[in-house]
Asks: 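So that we are looking at the same thing, I have put the structure below in structure tokens.
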Amino acid sequence: MADNLKGLTFAELNAQFKTDMEAFKTQTQKISAARGKEGRIAAHQARLAGPETWRRMSGVKLMMHEMKHVGNKPFAWGFATMALVSVYAQAKFTDDMKAGSEYWSTYHGDGKKGGH
């Protein structure tokens, strides 16, 4: 017999048993209600009503959320810097530079390889 039940009378034990059975019945009914299609729909709606987690974010919203983390800030700054440098370099790549570039003329230009 459990230590917390020692010294109780039969009526007190019976009352404790009934209380425990009601708690068990309530818990069982709650579990049963969560099963089935309606239960899954209700649980999904309850999750959607809560705060938005990173698992439910996507696209720019997720990217902005991740950039706010302290450990990701150096990466975010480096990524932004490299993106801006790439855009700047591409914008400054003139037609004369394209004609003089062996890579560009081979793969994007007239298709003729350079003289190497």
Side-chain angles (χ1 to χ4, degrees):
M1 184 178 268
D3 289 337
N4 61 341
L5 298 179
K6 286 184 179 177
L8 295 178
T9 64
F10 178 75
E12 292 170 336
L13 283 173
N14 201 14
Q16 182 65 38
F17 177 73
K18 286 183 180 181
T19 304
D20 291 346
M21 286 306 294
E22 285 298 319
F24 178 74
K25 183 179 177 184
T26 304
Q27 182 181 5
T28 305
Q29 288 172 344
K30 181 180 175 185
I31 292 170
S32 296
R35 293 183 178 159
K37 184 176 181 179
E38 295 81 16
R40 288 193 304 273
I41 291 172
H44 181 69
Q45 294 298 328
R47 277 194 302 274
L48 289 179
E52 187 172 32
T53 64
W54 66 269
R55 291 176 185 264
R56 292 193 315 212
M57 294 180 191
S58 64
V60 175
K61 187 183 269 189
L62 176 61
M63 187 172 70
M64 296 305 292
H65 172 78
E66 287 297 325
M67 284 174 40
K68 290 178 185 175
H69 287 286
V70 174
N72 294 341
K73 285 192 179 189
F75 170 78
W77 278 107
F79 187 81
T81 302
M82 293 307 296
L84 290 174
V85 167
S86 299
V87 169
Y88 178 77
Q90 195 67 26
K92 294 296 181 181
F93 200 55
T94 63
D95 290 335
D96 293 337
M97 294 171 132
K98 290 176 186 176
S101 169
E102 185 178 330
Y103 171 82
W104 187 271
S105 63
T106 302
Y107 296 105
H108 300 286
D110 56 7
K112 296 178 185 172
K113 289 200 177 237
H116 67 93

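The residues of the chain are indexed from 1 along the displayed sequence.
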Asks: Is it the case that the side chain of Ser101 and the backbone of Met97 share a donor-acceptor pair, with hydrogens and angles ignored and the cut-off at 3.5 Å?
Replies: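 Not at all, since once roles are kept as given, no pair shorter than 3.5 Å links the two residues.
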Asks: Check whether Phe10 and Phe17 end up in the same hydrophobic cluster, where Ile, Leu, Val, Met, Phe, Trp and Tyr are linked by side-chain heavy atoms less than 4.5 Å apart.
Replies: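 No; Phe17 is not reachable from Phe10 via cluster members.
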Asks: Taking atom CZ as the centre, does Phe79 end up with more than 12 heavy-atom neighbours from other residues, nucleotides or ligands that are less than 6.0 angstrom away?
Replies: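 No, CZ of Phe79 has 12 or fewer neighbouring heavy atoms, counting only those of other groups under 6.0 Å.
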Asks: Which value, rounded to the nearest 0.5 Å, describes the distance between Lys25 atom NZ and Lys18 atom NZ?
Replies: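 Lys25 atom NZ to Lys18 atom NZ measures 12.5 Å (nearest 0.5 Å).
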Asks: Are there over 12 heavy-atom neighbours, none belonging to Lys98, within less than 6.0 Å of that residue's NZ?
Replies: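 Yes - once you tally the heavy atoms of other residues, nucleotides and ligands closer than 6.0 Å, there are more than 12.
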Asks: Which pair of heavy atoms, one from Met67 and one from Ala76, lies closest together, and at what distance?
Replies: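 Where Met67 meets Ala76 most closely, the heavy atoms are CG-CB, 3.7 Å.
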Asks: With a sphere of 6.0 Å drawn around CD of Gln90, does it hold more than 12 non-hydrogen atoms of other residues, nucleotides or ligands?
Replies: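 Not buried by this count: 12 neighbours or fewer within 6.0 Å.
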Asks: Angle between ring planes, His69 versus His65, binned at 30° and 60°: parallel, tilted or perpendicular?
Replies: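 Answer is perpendicular, since the angle exceeds 60°.
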Asks: How long is the span from the CG atom in Leu62 to the CD atom in Glu52, to the nearest 0.5 Å?
Replies: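 Rounded to the nearest 0.5 Å, the CG-CD separation comes to 9.5 Å.
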Asks: Mind checking the NZ-NZ spacing from Lys68 to Lys73? Nearest 0.5 Å is all I need.
Replies: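 Taking NZ in Lys68 and NZ in Lys73, the distance rounds to 9.5 Å.
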Asks: Heavy-atom count check: over 12 atoms from other residues, nucleotides or ligands less than 6.0 Å from Met57 CE?
Replies: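 Check passes, neighbour count above 12.
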Asks: Calculate, to the nearest 0.5 Å, the distance between atoms CG and OG1 belonging to Asn14 and Thr19 respectively.
Replies: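 Nearest 0.5 Å value for the CG-OG1 distance: 9.5 Å.
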